[in-house]
Amino acid sequence: MTNYRSEFVRAIVERGFLHQCTDLEALDERAAQGPITAYIGFDCTAPSLHVGSMVPIMLLRLFQQTGHKPVVLMGGGTTKVGDPSGKDESRRMLTEEKISENMAGIKQVFSKFLTFGDGPTDAIMVNNDDWLKNIQYVDFLREYGPHFTINRMMAFDSVKLRLEREQPLTFLEFNYMILQAYDFLELNRRNDCTMQMGGSDQWGNIINGVELIRRVDSKPAFGLTVPLMTTTSGAKMGKTADGAIWLNEDMLSPYDYWQYWRNTEDADVGKFLRLFTDMPLEEIAKLEKAEGTEINEVKKILATAATTLCHGNQAALAAEETARKTFEEGKLGADLPTFEVLREGLEAGITAFQLFRKAELASSGGEAKRLIKGGGAKLNDVAIKSETQEITLQNLNADGVIKLSAGKKRHAIIKPV
RNA sequence: GGAGGGGUGCCCGAGCGGCUAAAGGGGACGGGCUGUAAACCCGUUGGCUCACGCCUACGUUGGUUCGAAUCCAACCCCCUCCA
C-alpha cells in the first residue's frame, strides 16, 4: 500500500479508522508539515455517550497522539434543531434544560481520552450554542443561504431517505445541515480548524462545511469519516441486553462495561484491539493469531485495556478480578451488584420470584417467574425449581450472603442487614 | 380549505362483531450445544396474585349491541393528491 508521510494518516489507515476522506493525499501532506486542528461534533441527546461514539473519540485521541490539536464540539445549539441523519423519524424536541444537563454528562468523558489545555496540541472544548444562539435570521439567510441549493439538499441521504419512506421531515430539521456547515466555517475562522471528522453518516454534513468554507472564505478544508461500526454479525455497536453501553460510570458500571468487551465476537477481536486500545500494532498482530479457546484470553486483554481507558486501570482490574471469580471459580466478585434485604424479612422467608425482582434481575414478577420456569434462575449456583420457593436465612452461603443468577451472565448478591 | 388513506403490543405488521392478551416476523430474555463467542435448535415474551381470578391494552371521547380492536359519531394526529 501507499506510504504515507504523516504519522496521523498512516495510523488511521493501519488501525482501521478511515472510511472516506475529501483529499487524503493533501491531508497527508499537510499533517506531515506540523500540527493541524480538527474537530468532531457531539450532539447532546442523552446524558452520556455510548460505545457507538467510541470510534470518533478514539480518532480524536489518535489525532492528538500523533501531534495535532483536537477540538471537541458540543452541539448545544444544533441539538435544539435535531440531526435527521440516520433517523427514520423526527426526534422529539428536547428542552433547553435537558440539553444542558446532557451536555454536562457528556463532557466528563472526554478528559479521560484527551489532554486538555492551552498548548499547541492540547485539546479544547467549544459549544456551538455560543455562536448559533445569536444568529439573526434574515442576516444569516442572506449571507449563507445563497450557498445552498435545495436541489443539492434534497439529494442528501438524510433527506432522501425520509422522503422515500414517506416520513415527515420538518423544516427545522432540514436546516440542521446548514447549521453544521456553518459550525465548521466558524471554527475555521476562530480556531484555524481545517478538518472536520465524524461517523460515516455525517459525510454529507461534513462536505457541506468544507464546501461552505471554500465558497465563503476561499480556503481549503478537509473532511474525514470513520466507518459505522457494526459487529461481524451485523449488530450495531453499543446496544445489548440491558440497553446501551454507556460510557459514564453512573449509567453503567465498569464491571458491565468490561463485560461488554469481554463478550466481543471472535471475528471482531483484532479489529477492536486496533480501534479501541492504544496497543501497538505488532502486539495486536500476535494476539490476533489466537484460535479456539485461546481467544478468550485475548478478549480479556481487550476488555481490560478498553475499560482502563474509560474508567481507569484500577476499575478495570477490579472488573477483571470479579469476572474471574464469578466465571472461572464460581465465587463472588466484589463488583457484582449487591442488594440489601432486611434480616427480619429473610427470617420470615421471601418467595424466590420476589427476591429476583428485588435484585433487579427481573423487572416484573411475571418475568421472574418465567425465568425460574425456564430453568435460568439460580440460587447460590443451584437451579431453582419452584418460583414460590421460600428463601430464608438458611440459604445464606459461607460468606453470609445469597448469590442469585439469571442465566449464565447476570448475577447479584443479596445481603441481609 | 377539499378529497382519499391510515393510527394495533418494544418495533414492523395481520385481524375488521364473540373462538382476541390479539396471527406472523424482528428484537429481547432463558435453555441446549460451546469457549462468558458466532451459527444452529428449543422455549418464553402485558401487569398483579400461592391460586380461582382480577386489572390494563388495539389514537381520544362518547354511542350502538347480550358482546367491539372490529360497527357509528365527534375530536386529535400522520400520509397522499388537489387548492
Side-chain angles (χ1 to χ4, degrees), chain A residues 87-90 92-93 161-170 173 230-245 255-273 287-288 290-304 306-307 319-333 335-336 348-379 381-391 404-412:
Chain A
K87 308 280 177 316
D88 48 14
E89 56 188 56
S90 313
R92 60 180 195 289
M93 281 234 239
L161 213 80
R162 283 280 186 90
L163 297 181
E164 275 167 12
R165 303 183 77 182
E166 301 189 347
Q167 292 285 339
L169 174 73
T170 63
E173 296 169 286
T230 53
T231 67
T232 300
S233 39
K236 266 190 207 134
M237 279 200 66
K239 300 270 170 159
T240 58
D242 307 307
I245 303 300
Y255 173 72
D256 287 325
Y257 190 77
W258 192 91
Q259 282 295 323
Y260 173 76
W261 295 105
R262 170 64 184 80
N263 284 305
T264 298
E265 292 177 31
D266 286 9
D268 291 325
V269 171
K271 183 165 87 178
F272 284 8
L273 280 169
L287 290 174
E288 232 180 336
E291 277 176 17
T293 56
E294 270 175 49
I295 204 159
N296 282 324
E297 294 309 311
V298 182
K299 288 184 191 178
K300 287 180 205 165
I301 294 171
L302 166 67
T304 301
T307 308
E320 186 176 358
E321 179 59 14
T322 291
R324 198 180 60 75
K325 279 190 179 159
T326 310
F327 288 98
E328 292 170 30
E329 296 176 12
K331 287 187 194 153
L332 299 173
D335 265 14
L336 290 178
I350 299 177
T351 322
F353 80 94
Q354 298 280 21
L355 200 59
F356 269 83
R357 210 161 66 141
K358 265 203 177 68
E360 292 174 17
L361 292 171
S363 59
S364 71
E367 193 181 317
K369 285 184 197 170
R370 268 178 248 129
L371 183 72
I372 296 169
K373 267 187 206 142
K378 286 187 195 135
L379 171 73
D381 298 311
V382 180
I384 299 175
K385 289 179 200 76
S386 158
E387 56 264 43
T388 54
Q389 181 181 333
E390 293 278 316
I391 295 177
L404 293 182
S405 313
K408 279 179 282 197
K409 295 183 193 172
R410 292 154 60 221
H411 307 279

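Keep in mind that this is a model prediction, so the values were computed, not measured. Here is the naming used below: chain letters follow the sequence lines, and residue numbers restart at 1 for every chain.
Listed candidates were rA37(B), rC48(B), rG30(B). Nearest to the side chain of Arg357(A) is rC48(B). Candidate nucleotides rG47(B), rG35(B), rU49(B) were compared by shortest atom distance to the side chain of Ser364(A), and rG47(B) ranks first. In this structure, of rC50(B), rU34(B), rU36(B), it is rU34(B) that holds the atom nearest to the side chain of Lys408(A). Closest contact between the side chain of Arg370(A) and the listed nucleotides rU49(B), rG31(B), rU45(B) involves rU45(B).
OP1 or OP2 of rC29(B) has not a single side-chain nitrogen or oxygen of Arg410(A) nearer than 4.0 Å. The side chain of Lys409(A) places an N or O atom within less than 4.0 Å of a non-bridging phosphate oxygen (OP1 or OP2) of rA37(B).
Using the Watson-Crick or G-U wobble rule with both distances under 3.5 Å, rA28(B) pairs with rU44(B). Using N1 to N3 plus N6-O4 or O6-N4 for Watson-Crick, or N1-O2 and O6-N3 for G-U wobble, each under 3.5 Å, rG17(B) pairs with nothing. Pair assignment for rC75(B): rG59(B), on the basis of Watson-Crick or G-U wobble contacts that are both within less than 3.5 Å. rG1(B) is paired with rC82(B) under the Watson-Crick or G-U wobble criterion, all donor-acceptor distances under 3.5 Å. Across all strands shown, rU65(B) remains unpaired; no Watson-Crick or G-U wobble contact has both distances below 3.5 Å.
Using modelled atom types, no side-chain atom of Ser405(A) and backbone atom of Gly407(A) make a donor-acceptor pair closer than 3.5 Å. In this structure, the side chain of Asn263(A) engages the main chain of Gln259(A) through a donor-acceptor pair within 3.5 Å.
Computed from coordinates, the Ile350(A) CD1 to rC50(B) P distance equals 13 Å when rounded to whole Å. Distance, Lys385(A) NZ to rG31(B) P: 16 Å, rounded to whole Å. The nearest whole Å value for the distance from the CG atom in Leu371(A) to the C1' atom in rU44(B) is 10 Å. Taking atom CZ of residue Phe353(A) and atom C1' of nucleotide rG47(B), one finds them 12 Å apart after rounding to whole Å. Between Glu390(A) atom CD and rC50(B) atom P the separation is 10 Å, expressed in whole Å. Rounded to whole Å, atom P of rG9(B) lies 19 Å from atom CD of Glu367(A). Spacing between atom NE2 of His411(A) and atom P of rU36(B) amounts to 11 Å, rounded to whole angstrom units. Atom CD1 of Ile295(A) is separated from atom P of rU36(B) by 14 Å (rounded to the nearest Å).
Contact of the Ile384(A) side chain with the Phe353(A) side chain is not registered, since no non-hydrogen atoms from C-beta on lie closer than 4.5 Å. In this structure, the side chains of Val269(A) and Ile295(A) come closer than 4.5 Å at one or more pairs of heavy atoms.
Closest-nucleotide positions on RNA chain B for Gln259(A) and Gly365(A) were compared, and the one nearer the 5' end corresponds to Gln259(A). Toward the 5' end of RNA chain B, the nearer of the two residues Gln354(A) and Glu328(A), judged by each one's closest nucleotide, is Glu328(A).
Spacing of C1' atoms, rU45(B) relative to rA21(B), comes out at 12 Å, to the nearest Å. The separation of rU70(B) from rG7(B), taken at their C1' atoms, amounts to 15 Å, rounded to a whole angstrom.
For His411(A) and Tyr255(A), the ring centers are positioned 6.0 Å apart or more.
Counting any heavy atom pair closer than 4.0 Å across all strands shown, Thr264(A) reaches sugar-phosphate atoms only and no base atom.
Separating the CG atom in Leu371(A) from the CG atom in Leu361(A) is a distance of 8.0 Å, to the nearest 0.5 Å. Here the NZ-CZ distance, from Lys299(A) to Phe272(A), works out to 10.5 Å after rounding to the nearest 0.5 Å.
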Which parts of nucleotides 51-57 of chain B does protein reach within less than 4.0 Å, heavy atoms only, written one letter per nucleotide 5' to 3' as B for base, S for sugar-phosphate only and - for none? S------
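Glu288(A) is linked by a salt bridge (charged side-chain N to carboxylate O under 4.0 Å, His left out) to Arg274(A), counting only residues two or more places apart in sequence or in another chain.
With hydrogens and angles left out, the side-chain atoms of Thr307(A) and Trp261(A) include no donor and acceptor closer than 3.5 Å.
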